[in-house]
Amino acid sequence: MNEAMSLEAYLAQGGVLTTPDNVPARYRGELLRLMSAFVDSELAASAGFAASINHAPGIKARIAASRITLEKADHAERVLAVMASFGADAARYETTHDWAARLPRDADLGHARQEGDMRLSVFHYPITGWTDAVVMNVLQGMATGVQMGELTRLSYAPLAEVFRAIAPREARHRELGSEALARLVLTDPEGVRSAVDYWSPRVRAGFGIAGSDRFAMLRNLGLRHETNEDLRARWEQSSKQHLADLGL
């Protein structure tokens, strides 16, 4: 007990861990929870975006959609490998859910997660058509960029290293979406506005509740650094500016 308490004090002071050995039970549980949320979200994002490949209006757009679909699955695999080092059954995990399954488009999940499925609620909503896919990719991609600032500073060094390798590719996914969005603003402005109105509150919900009572504990473990409110505010500011730059 004394050893575990001293290790948590070490983490609270900015220390890092490098192996699963002697990791406190609470730390292990929260780290696995964090990794599960990321893996589930990436697998669901990959499966959901795969259906949009055939909606792409040209060869370059199809290549971009295919790249996003492939790399998000690859990102999930990389983090799942870290989960396996903590004893997670990777082979069983990959077949737990139908990652392409979606709820009705008018469902209202808010911040809720489905039982046994840790994907962000935004990945439970269906994508309808190319414009919808592009807008969702841009708004959620910007949210992922904000959240990567937390993930790349995790106190578990092997996972933080994986996220630092993933972050530039996630940023490129958003850039590919932004290039497509700039074209859609000229050809389908009303469709873009409708999609922005639909996806904005659903992406916003992914930042979690304000005043989370778990934040202090996660910060002490080195698994969080900024509050949900601060991260959400940064996303709102950057996404608003990005859309304004496109004339929306």
Side-chain angles (χ1 to χ4, degrees), residues 38-79 94 97-107 119-148 163 165-204 206 235-248:
F38 182 84
V39 170
D40 290 8
S41 295
E42 289 291 277
L43 289 174
S46 175
F49 209 72
S52 301
I53 295 173
N54 288 330
H55 294 300
I59 293 176
K60 288 186 177 181
R62 289 176 67 89
I63 291 172
S66 299
R67 174 178 176 175
I68 291 170
T69 299
L70 169 65
E71 291 184 349
K72 286 191 177 298
D74 176 68
H75 297 169
E77 184 178 43
R78 294 186 187 200
V79 175
E94 293 175 0
H97 299 289
D98 176 2
W99 299 112
R102 294 296 188 268
L103 296 176
R105 192 165 166 89
D106 60 354
R119 76 179 85 175
L120 293 175
S121 59
V122 69
F123 295 115
H124 282 290
Y125 298 102
I127 294 172
T128 59
W130 182 246
T131 297
D132 204 53
V134 169
V135 171
M136 189 276 186
N137 179 57
V138 170
L139 293 178
Q140 181 57 40
M142 297 186 78
T144 298
V146 170
Q147 291 159 343
M148 276 291 164
F163 282 130
I166 286 173
R169 300 209 304 181
E170 288 287 346
R172 182 55 180 155
H173 295 173
R174 196 272 298 164
E175 291 170 0
L176 291 170
S178 294
E179 292 169 7
L181 183 58
R183 293 189 290 270
L184 285 170
V185 167
L186 301 177
T187 60
D188 185 21
E190 291 306 313
V192 169
R193 290 189 179 92
S194 177
V196 168
D197 290 342
Y198 179 82
W199 288 109
S200 289
R202 289 161 176 81
V203 173
R204 185 179 297 112
W235 170 77
E236 288 175 341
Q237 180 179 6
S238 61
S239 61
K240 181 178 180 180
Q241 184 61 55
H242 187 63
L243 294 173
D245 290 343
L246 293 173
L248 296 170

*Just by modelled atom types, is the D132 backbone N or O under 3.5 Å from a matching donor or acceptor in the Y198 side chain?*
no

*Answer yes or no: is there a side-chain heavy-atom contact under 4.5 Å between E71 and R172?*
no

_CH2 on W130 to CG on N137, rounded to 0.5 Å_ = 8.5 Å

_Residue L186 excluded, over 12 heavy atoms near CG under 6.0 Å_ = yes

*Measuring from Y125:OH to D106:CG, what's the distance to the nearest 0.5 Å?*
9.5 Å

*Can you name the closest pair of heavy atoms from V185 and L246 and give their distance?*
CG1-O, 3.4 Å

*Got a donor-acceptor contact below 3.5 angstrom from the R174 side chain to the L139 backbone?*
no

Side chains of residues 42-56: which donor-acceptor partners sit under 3.5 Å, not counting sequence neighbours?
{"from": "E42", "atom 1": "OE1", "to": "H75", "atom 2": "ND1", "distance (Å)": "3.2"}
{"from": "S46", "atom 1": "OG", "to": "T69", "atom 2": "O", "distance (Å)": "2.6"}
{"from": "N54", "atom 1": "OD1", "to": "R62", "atom 2": "NH1", "distance (Å)": "3.3"}
{"from": "N54", "atom 1": "OD1", "to": "R62", "atom 2": "NH2", "distance (Å)": "3.3"}

*Would you name the heavy atoms of G177 and V134 that are closest together and state the gap between them?*
O-CG1, 3.4 Å

*Side-chain touch K72/E170, heavy atoms, less than 4.5 angstrom*: yes

*Spell out, as yes or no, whether a donor-acceptor pair under 3.5 Å connects the side chain of R202 to the backbone of V122.*
no

*Enclosure of E179 CD (heavy-atom neighbours >12, cutoff 6.0 Å)*: yes

*Atom pair CG/CZ of D188 and R193 - distance to nearest 0.5 Å*: 10.0 Å

*Drop me the distance from M142's CE to S239's OG, to the nearest 0.5 angstrom.*
5.5 Å

*asked:* Nearest 0.5 Å, please: how far is CZ in R204 from CH2 in W235?
replied: 4.5 Å

*List the atom of D40, the atom of R119, and the distance in Å for their closest heavy-atom pair.*
CB-N, 3.4 Å

*asked:* Is there a side-chain contact between V79 and I166 in this structure, where contact means two heavy atoms from C-beta onward sitting under 4.5 Å apart?
replied: yes

_Close side-chain approach of I127 and R102, heavy atoms under 4.5 Å_ = no

*Are W199 and V138 side-chain neighbours, meaning at least one heavy-atom pair lies under 4.5 Å?*
no

*Rounded to the nearest 0.5 Å, how far apart are CG of L184 and OG of S178?*
11.5 Å

_Please determine whether the number of non-hydrogen atoms from other residues, nucleotides or ligands lying under 6.0 Å from atom CD of Q237 exceeds 12._
no

*Please lay out, stage by stage, how D74 and R78 fare under the test salt bridge (charged side-chain N to carboxylate O under 4.0 Å, His left out).*
CA-CA 6 Å; D74 176 68; R78 294 186 187 200; 2.9 Å; yes

